[in-house]
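Throughout, a chain's letter reflects where its sequence line sits, starting with A, and its residues are numbered from 1. Hydrogens, waters and symmetry mates are skipped; everything else that's a heavy atom, side chains included, is used.
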2 protein chains.
Amino acid sequence: MSVTTTVSQIEANGRTYRWPVRPTVVICFDGCDPAYLAASGPAGHIPTLSGFLNDGFYAIADAAMPTFTNPNNVSIVCGAPPVVHGVAGNYYLDRETKQEVMMLDARLMRAPTILSQFSKAGAKIAVVTAKDKLRKALAHEMQGIAVSAQYADKCTIEENGIEDLTGLVGRGTPDQYSSDLSLFVLDAGIRLLETRPLDILYLSLSDLVQHKHAPDAPEAHEFMKDVDDRLARLIDLGATIGIVADHGMNDLSRADGTPNVVYLGDILDEEFGEGSTRVICPITDPFVKHHGALGGFVRVHLMKDGLDRNEILKAIRTLPGVEVALTGEQAAAQFEFPLDREADIVVISCRGVALGARNIDHDISQLAGERLRSHGSLAEQQVPFIISHPLNETYAKRSIANLRNFDVFDYALNGTL
Amino acid sequence: MSVTTTVSQIEANGRTYRWPVRPTVVICFDGCDPAYLAASGPAGHIPTLSGFLNDGFYAIADAAMPTFTNPNNVSIVCGAPPVVHGVAGNYYLDRETKQEVMMLDARLMRAPTILSQFSKAGAKIAVVTAKDKLRKALAHEMQGIAVSAQYADKCTIEENGIEDLTGLVGRGTPDQYSSDLSLFVLDAGIRLLETRPLDILYLSLSDLVQHKHAPDAPEAHEFMKDVDDRLARLIDLGATIGIVADHGMNDLSRADGTPNVVYLGDILDEEFGEGSTRVICPITDPFVKHHGALGGFVRVHLMKDGLDRNEILKAIRTLPGVEVALTGEQAAAQFEFPLDREADIVVISCRGVALGARNIDHDISQLAGERLRSHGSLAEQQVPFIISHPLNETYAKRSIANLRNFDVFDYALNGTL
């Protein structure tokens, strides 16, 4: 006689989540500004997504600040903002060592994820990410399958819970600068769901296409169509799907097509002395070809004694293109950042403007003459929030005035029928 | 011997507000998109506002939906969203009578205002609005002074609590299509504060300048400077000032300068039969010269039996320029609207797109060839939230992730030192 323990829900970071009654797929549709849905929908390229909008639930939610990939993916899998889990950037300056550090794994994470809590209760979980560094963070303390498209050919049972991912998907590791990086993530999710029982599947795409192409570009339509085809297949497999984006995407170019950048590092060097301050761009990533590490949010650290932070703050506030400049304490309080990891000053650009460190820190030539499209500011905070199936009565009546992208697991698990 | 009753706080719509320790001025800076501050600040035109940003509190808050003047002004003075106070548009279709109705007074209001509650407790209150219809709503159940710039020369003690407003301000009724409409409001506020004790002063401006001029236009800079001068005077008079906008403002024109309008009424007439549906533009106002009653949010009522709402909803969702289309029930739940006053369908446009009824309902010629700039959609939801003085410790530590413009009385009264 076998004894089955039945768990009806799990708890993570103060919220409870109902045990999945169907396979539940949550997708972080990286960089999917609402404008992509608005452009591709009427053009007829995304019948599955349009069906979700008609028959399921569609709203605009706020992403976590800063509107970058890592803080938002981690917020989504934790169901909580950065102050809870500790990740408020892809890249940061260690306040102790004064060293710049790339977030490459889960070391910064201070909270359990919804995925890890479910896996510990016996649920079958799989995570597929575009980039491997994110895979490590999202699989924090999780049992199950966790793979990345980037290292599709390097999977081991020990590290990833599965091997021969390329064999399963039926093609090799995708080019990291192709739209196939995201499509591979979706295909891997489909193949996993086809070949084994899964309770929860988390798929995190790449925003390469959105960085390169505006919503009405043929390449964007094609990508949206390719994603849509795969969503249809996930529905065929019986999944409930929740989709959010980690951030929107805006054109940050001048009328002549050149990047509209405020090089804050150079300005502060000139005004307060070279090396007095260090400007950290938390968008920084090993993949920078498509945005040159330029986004709408930077952190400023004072690197010398005797500097007057208030004077520097006031100087930054007089710069055209700056929407908000705050002390680290203010920013931490207002945007729910972990205070102990915050910089001295936080700067957010206006819509259409990028913030940089020093000119020499950014290799604009990588854009190869294409317009700079990027994110990070408040202007990229509104993102789609989609549930494939109708909400139950309780959730249908909820106000979405304060809906956040990291409520997607709550809606997908607790809010459906 | 006289007995003084001391009230330390009042209650309105579930929130408590501390009795003002200084004259507290709350300003609804109509149509002040954050872009106006971003353009005028670095140009040096708004030293007083820039000072607030440095020494007080500045954040970006969400306006109430729809992003129109009346719902937001009423939300601000109630400290609560439309579901609480009942006003979700400037203009609506009465579901019973099927008549189109302009909101001209306080008849739609279901909740007490912060102003009325304070006035009943003995506080000295004054309200100055640009337009008279708003004055009537904002002074709902309030004792004190309530005047409008529009009818500055028509004040009576009985109706307005003061007479000879033009004499007090020192000039006649301003032209309703001039920037002086707003400046008159501010000047009236200054004169009132100079001439009598006041606990609370609510000033509601007009968005005429923002409809007509982009943030970097000389006219916009000049207006921002004129407003800033008056804020300096209010500070000199010892006031604590809280400033929010009712909505942002975006250019809704095509590249060739013509208005980028989806005439939903014509489309629905063609597809479902003339008169089957009626499209209501809740931006409609007796002052339409500057926007032709075109904004980013409309309501659709089914006017005939036997129509399939779901079919109409799906048709609307396929239209380019539509960002969200919801049933009235969905919209009421999601955006905190009063359900009993909601339409059958709610439609919100994409950034840069206006929604209209039928072409013949909108007199575009009134724009006189100028670009259409307007509001109503989610793209105009982010607004400035400014407090002139530093926050106290409790409020400084608050998350602003869910900050709303209608929290401004809470911050100005409870959040300061």
Side-chain angles (χ1 to χ4, degrees), chain A residues 33-35 37-39 41-44 50-51 53-55 57-60 62 64-65 81 83 215-216 310 313-314 317-326 329-330 332-337 339 348-353 378-379 381-382 384 391 395-404, chain B residues 33-35 37-39 41-44 50-51 53-55 57-60 62 64-65 81 83 215-216 310 313-314 317-326 329-330 332-337 339 348-353 378-379 381-382 384 391 395-404:
Chain A
D33 195 280
L37 295 167
S50 296
L53 271 49
N54 283 324
D55 305 323
F57 174 74
Y58 176 54
I60 305 291
D62 275 347
M65 288 294 293
V83 67
D216 56 357
N310 221 27
L313 196 53
K314 286 189 184 183
R317 286 184 177 141
T318 65
L319 297 174
V322 169
E323 179 150 301
V324 186
L326 300 168
E329 294 85 343
Q330 288 170 337
Q334 296 185 22
F335 297 116
E336 303 177 304
F337 297 153
L339 178 58
I348 303 174
S349 63
C350 298
R351 175 181 303 280
V353 178
L378 293 159
Q381 204 180 5
Q382 290 188 334
L391 299 186
Y395 276 68
K397 283 187 182 158
R398 281 205 178 181
S399 160
I400 59 151
N402 299 331
L403 190 70
R404 308 300 304 270
Chain B
D33 195 279
L37 295 167
S50 296
L53 272 50
N54 282 324
D55 305 324
F57 174 73
Y58 177 54
I60 304 291
D62 275 347
M65 287 295 292
V83 67
D216 55 358
N310 222 27
L313 197 53
K314 285 188 184 184
R317 287 184 177 142
T318 65
L319 298 174
V322 168
E323 178 149 303
V324 186
L326 300 168
E329 294 84 343
Q330 288 170 336
Q334 294 185 22
F335 298 116
E336 303 177 304
F337 296 153
L339 178 59
I348 303 174
S349 62
C350 298
R351 175 181 302 280
V353 178
L378 292 159
Q381 204 180 6
Q382 290 189 334
L391 299 186
Y395 276 67
K397 282 187 184 158
R398 281 203 178 182
S399 160
I400 59 151
N402 299 331
L403 190 71
R404 309 300 305 269

I need the residue from B:N402, B:V324, B:T318 with the largest number of non-hydrogen atom pairs under 4.5 Å to chain A.
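Heavy-atom pair counts peak at B:N402.
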Side chain, backbone, both or neither: which part of B:L37 has a heavy atom under 4.5 Å from chain A?
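Neither; nothing under 4.5 Å.
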What part of [X] gets within 4.5 angstrom of chain B, counting heavy atoms only: side chain, backbone, both, or neither?
{"X": "A:E329", "answer": "neither"}
{"X": "A:A396", "answer": "backbone"}
{"X": "A:Q382", "answer": "side chain"}
{"X": "A:F337", "answer": "neither"}
{"X": "A:L391", "answer": "neither"}
{"X": "A:S50", "answer": "neither"}
{"X": "A:L319", "answer": "backbone"}

Side-chain contact test, heavy atoms from C-beta onward, threshold under 4.5 Å: evaluate it for A:I60 versus B:Q381 and give yes or no.
no
pair B:I400-A:Q330: side-chain heavy atoms closer than 4.5 Å:
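They are not in contact (no side-chain heavy atoms under 4.5 Å apart), so the answer is no.
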A:R317 CZ to B:L53 CG distance, which is reported to the nearest 0.5 Å:
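Answer for the CZ-CG pair, A:R317 versus B:L53, is 6.5 Å.
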Among A:K397, A:R351, A:R404, residue most engaged with chain B (heavy-atom pairs, under 4.5 Å):
A:R351
Taking every non-hydrogen atom, the tightest pair across A:Y58 and B:Q334:
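Of all heavy-atom pairs spanning A:Y58 and B:Q334, the closest is O-OE1, 3.9 Å.
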For B:A38 against A:C350, the heavy-atom pair lying closest together
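In terms of heavy atoms, the two residues are closest at CB-SG, 3.2 Å.
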